[in-house]
Amino acid sequence: MTPDELSRALVGVVAGLVEAGELTVPVPTAAPVERPRNPEHGDYASSIALQLAKPAGRPPREIAELVAAQLRAQTGVQRVDVAGPGFLNITLAADALGEVARAVVAAGPEYARGDALAGLHWNLEFVSANPTGPVTLASARWAAVGDALARILQAAGAEVTTEYYFNDHGAQIDRFARSLVAVAQGQPVPEDGYHGAYVEDVAQAVLAKEPDALAADDPQEIFRTLGVGMMFDAVRSSLAAFGVDFDVWFHEDDLHSSGRVGQAVDRLRAAGHVYDFEGAVWLRTTDFGDDKDRPLIRSTGQPAYFSGDVAYYLDKRERGADRVVIILGADHAGYVSRMKAMVAAFGDDPEVNLELIIGQLVNLIRDGQPVKMSKRAGSVLTLDDLVEAIGVDAARYALVRSSTDSTLEVDLDLWARKASENPVFYVQYAAVRAASIARGAAEMGLAMPASNDDVDVSLLTHPREQELLLALAELPRVVAAAAELREPHRLARYLEELLARSAQRFFDECRVLPRGDEEVTPTTYARLLLWQAVRIALVTGLGLLGVSAPERM
RNA sequence: GCGCCCGUAGCUCAGCGGAUAGAGCAGGUGCCUUCUAAGCACUUGGUCGCAGGUUCGAGUCCUGCCGGGCGCACCA
């Protein structure tokens with residue numbers, strides 16, 4: 001019996017009591033089912049009686065007793081106690097709990113899937129850095145989080161399109177091009193230009209391709225086109241090495257050249273939210289809660305950066321996105337109100353159609369000291385540097401395992417270690433042990449029964465087995481919660497603190513394969529089935545985070 | 001000054017209104033002729049920043065303070 005099934009059973013019990021006239025309350029759509037912290041409080045606890053007390057106008061313990069009496073009659077429920085102010089402490093029968101292992105193996109990778117977000121099309125944009133330099137450490141966090149979130153939303157039933165928005169239009173690009181030209185001419189980079197060592201590399205690469213570039217009519221245009229193209233390739237290649245690809249690589253320039261920026265502005269003007277002032281065109285975002293109005297077209301006639309955002313949002317909606325999600329760094333927190341206002345100006349609901357995830361920054365620690373970053377000197381730490389230092393799996397896991405609301409410290413020494421104190425190693429090692437046992441069984445010629453239905457899962461009564469089964473039962477709920485809250489770190493924490501930990505403890509206390517002349521028993525098969533379930537859950541869970549689960553290490 | 005985020009064990013961090021607040025690291029102590037000890041167990045360590053409020057119940061929600069991070073352009 002899974003927690004979801006138990007929740008439905010509780011709702012059914014309440015409905016029955018209402019129908020029988022023993023309880024007068026609106027029947028809830030779902031009943032809370034939690035894993036109690038204290039194991040003495042059973043496998044699961046429900047506060048349903050506490051929540052019904054008020055609408056029923058009766059003491060919670062009295063309601064709890066009514067529900068408990070009915071719940072005890074359910075198959076799979078071994079014991080129900082009323083505790084404290086009115087909690088129901090529920091213990092499942094061993095066979096009902098053991099069925100979880102069979103269910104996981106039967107479902108395979110589908111076990112983690114749900115349908116909570118089915119029917120909605122999500123557009124998820126992340127990273128979206130200017131093509132004026134390598135992918136930075138901060139962007140790396142959004143690559144890891146965004147990619148994991150996309151996988152998790154899909155696992156929750158959503159249709160997801162991932163997008164990268166190249167800001168390849170406007171002043172920053174011009175500065176980049178001027179920097180390339182300056183370097184190519186052997187002159188110092190302009191004050192407002194780009195100073196990293198890579199600028200030299202790109203400039204040389206442009207010259208290698210177009211040796212006469214500097215003598216052309218418009219050298220800056222050649223350096224702009226070729227240089228930006230090279231940065232596109234560099235960004236895509238860094239992300240690909242990180243295991244991140246996008247469904248759509250969107251170019252800001254397309255919005256301008258195709259006229260969609262103009263169309264979006266016209267549409268807002270027709271809706272009455274645009275005005276002209278001192279030669280510039282403004283969106284009256286203050287009508288929708290912004291601090292000040294924002295320019296769409298500058299008095300120079302050049303479109304302001306914001307106009308691209310406006311047209312891009314409209315474009316996403318017109319391409320079918322019900323929910324537009326954008327992951328941004330904390331340095332863009334100031335954009336939230338104008339973006340929300342723009343959504344409202346289009347007549348959409350800013351609380352529904354646009355979601356901005358503002359994530360905090362990343363700091364690196366090496367030898368116990370912060371790794372210093374100086375953008376000015378160009379010594380910005382990059383995604384490539386991080387991958388080189390600790391590898392893709394550790395990098396992705398480290399970047400995804402904390403709430404995006406918290407600034408993140410990544411201790412390079414810790415994440416490079418091949419030991420259990422390294423969280424990603426710990427989780428992967430649990431999966432390796434599962435694989436190792438399956439290999440051992442195969443080498444012994446130990447074949448599972450023809451059907452998993454013939455495995456007696458009621459034999460899984462050891463405390464470590466029960467703990468592990470309860471952990472396995474949580475996976476679908478954890479994935480659903482991570483999707484609904486847009487918090488992939490919940491899945492990582494579940495994997496290391498609950499699933500892998502339970503598996504390691506199970507490994508330590510419960511021998512599976514027979515030694516020497518020991519007999520193969522029904523328990524052997526039950527445990528092999530349990531390990532199969534664990535491996536599936538770990539591989540699936542790590543997969544949703546974009547982290548591999550090796551067969552051996 | 002205004003806005004957003006954070007403040008939980010010595011350190012790094014979990015904890016979508018539930019019972020006696022958790023994990024890893026660091027400190028202390030045990031367990032390897034046994035499926036990978038690349039592991040496990042035990043143990044030390046908390047005024048959940050402070051003060052009010054909401055309610056059956058607050059680390060969690062609200063208000064105000066204190067401390068830290070990031071923003072506050074006709075830049076992108």
Side-chain angles (χ1 to χ4, degrees), chain A residues 32 34 36-38 40-41 45-47 50-51 53-54 59-60 83-87 89 130 132 167 169-175 192 252 277-282 291-292 294-300 302-306 308-309 329-337 356 358-361 363 365 368 401-411 414 417-423 425-426 428-430 432-441 443-444 481-482 484-485 487 489-490 492-494 496-498 501 504-505 507-516 527-528 531 552-553:
Chain A
E34 295 171 358
R37 287 194 174 118
N38 186 338
E40 289 171 17
H41 293 156
S46 180
S47 57
L50 292 160
Q51 296 183 357
K54 198 165 217 174
F87 289 103
N89 290 340
N130 292 350
T132 53
N167 307 141
H169 183 97
Q172 297 291 352
I173 293 293
D174 293 340
R175 283 178 201 168
D192 63 351
E252 182 190 2
F277 180 67
E278 292 184 344
V281 178
W282 298 75
D291 296 335
K292 49 185 125 177
R294 307 292 172 175
L296 290 167
I297 310 289
R298 292 185 266 164
S299 52
T300 61
Q302 292 295 310
Y305 177 78
F306 183 46
D309 281 338
D331 50 342
H332 287 74
Y335 285 37
V336 174
S337 49
L356 296 170
I358 303 298
Q360 303 301 308
L361 306 177
N363 297 311
I365 306 290
R401 83 186 272 271
S402 287
S403 162
T404 52
D405 283 342
S406 300
T407 12
L408 183 61
E409 286 199 11
V410 176
D411 183 335
L414 172 69
R417 231 164 277 165
K418 303 282 184 223
S420 64
E421 59 209 81
N422 175 347
F425 186 91
Y426 183 74
Q428 288 180 317
Y429 186 47
V432 165
R433 282 180 150 175
S436 167
I437 286 171
R439 254 195 326 270
E443 282 164 12
M444 295 173 80
E484 300 227 12
L485 297 166
E487 292 183 350
H489 76 274
R490 286 170 182 273
R493 295 299 175 149
Y494 158 79
E496 67 185 74
E497 291 172 3
L498 207 57
R501 181 175 162 82
Q504 302 277 25
R505 282 157 58 91
F507 180 94
D508 195 59
E509 284 199 41
C510 300
R511 175 80 195 188
V512 178
L513 300 176
R515 284 169 285 202
R527 288 178 173 173
L528 280 173
W531 271 116
R552 54 180 93 217
M553 298 195 295

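Throughout, a chain's letter reflects where its sequence line sits, starting with A, and its residues are numbered from 1.
For B/C6, the O4'-C1' to base torsion is more than 90° from 0; the nucleotide is therefore anti.
With sequence neighbours excluded, no residue satisfies salt bridge (Lys or Arg N to Asp or Glu O under 4.0 Å) with A/Arg433. With sequence neighbours excluded, no residue forms a side chain to side chain contact (heavy atoms under 4.5 Å, CB included) with A/Asp331. The side chain to side chain contact (heavy atoms under 4.5 Å, CB included) search around A/Met444 returns A/Leu446, A/Leu513, A/Pro514, not counting sequence neighbours. Residues satisfying the side chain to side chain contact (heavy atoms under 4.5 Å, CB included) criterion with A/Pro36, sequence neighbours excluded, are A/His41, A/Ala45. Residues passing the side chain to side chain donor-acceptor pair (under 3.5 Å) test with A/Gln302: none are found, sequence neighbours excluded. A/Ser337 is linked by a side chain to side chain donor-acceptor pair (under 3.5 Å) to A/Asp290, counting only residues two or more places apart in sequence or in another chain. Contacts of A/Glu509 classified as salt bridge (Lys or Arg N to Asp or Glu O under 4.0 Å), with partners at least two apart in sequence or in another chain: A/Arg464. Residues passing the side chain to side chain contact (heavy atoms under 4.5 Å, CB included) test with A/Glu278: none are found, sequence neighbours excluded.
When the P atom is compared between B/G67 and B/U54, the two are found 28 Å apart, to the nearest whole Å. When the C1' atom is compared between B/C50 and B/A26, the two are found 29 Å apart, to the nearest whole Å. Annotation: B/G27 and B/U34 have their C1' atoms spaced 31 Å apart (nearest Å). One P atom belongs to B/G46, the other to B/G10, and the distance between them is 7 Å to the nearest Å. Annotation: B/G49 and B/U60 have their C1' atoms spaced 16 Å apart (nearest Å).
Between the side chain of A/Arg527 and the main chain of A/Arg511, a donor-acceptor pair closer than 3.5 Å is present. Using a distance-only test at 3.5 Å, with no hydrogens or angles considered, no donor-acceptor pair links the side chain of A/Arg401 to the main chain of A/Arg493. With hydrogens and angles ignored, the 3.5 Å screen pairs no side-chain donor or acceptor of A/Ser47 with any backbone N or O of A/Phe87.
A/Val432 comes within 4.0 angstrom of a base, heavy atoms only.
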Inset, instruction - Apply side-chain contact (heavy atoms from CB on, under 4.5 Å) to A/Ile173 and A/Asn130, showing your working. - result: CA-CA 8 Å; A/Ile173 293 293; A/Asn130 292 350; 5.6 Å; no

Legend entry - Verdict with reasoning, A/Lys418 to A/Met553, per side-chain contact (heavy atoms from CB on, under 4.5 Å): CA-CA 10 Å; A/Lys418 303 282 184 223; A/Met553 298 195 295; over 6 Å; no

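One atom, CZ of A/Phe425, and another, P of B/G24, lie 16 Å apart when rounded to the nearest Å.
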Legend entry - Pairing pattern in dot-bracket form [Watson-Crick, G-U; both distances under 3.5 Å; | = partner strand] for RNA chain B: (((((((..((((....[...)))).(((((.......))))).....(((((..]....))))))))))))....

Legend entry - Contact pattern, 5' to 3', of nucleotides 9-23 of chain B - B, S or - by protein heavy atom under 4.0 Å: ---SSSSB-BBB---

Legend entry - Nucleic acid footprint by protein, nucleotides 25-35 of chain B - heavy-atom cut-off 4.0 Å, B for base, S for sugar-phosphate alone: S--------BB

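In terms of position along RNA chain B, the nucleotide closest to A/Pro423 lies nearer the 5' end than the nucleotide closest to the other residue of the pair A/Arg552 and A/Pro423.
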Restricting both atoms to N or O, compile the protein contacts to nucleotides 70-74 of chain B shorter than 3.5 Å, with distance only.
{"from": "B/C70", "atom 1": "O2'", "to": "A/Ala330", "atom 2": "O", "distance (Å)": "3.1"}
{"from": "B/C70", "atom 1": "O2'", "to": "A/Asp331", "atom 2": "N", "distance (Å)": "3.3"}
{"from": "B/C74", "atom 1": "O2", "to": "A/Ser299", "atom 2": "N", "distance (Å)": "2.5"}
{"from": "B/C74", "atom 1": "O2", "to": "A/Ser299", "atom 2": "OG", "distance (Å)": "2.9"}
{"from": "B/C74", "atom 1": "N3", "to": "A/Ser299", "atom 2": "OG", "distance (Å)": "3.1"}
{"from": "B/C74", "atom 1": "N4", "to": "A/Glu278", "atom 2": "O", "distance (Å)": "3.4"}
{"from": "B/C74", "atom 1": "N4", "to": "A/Glu278", "atom 2": "OE1", "distance (Å)": "3.3"}

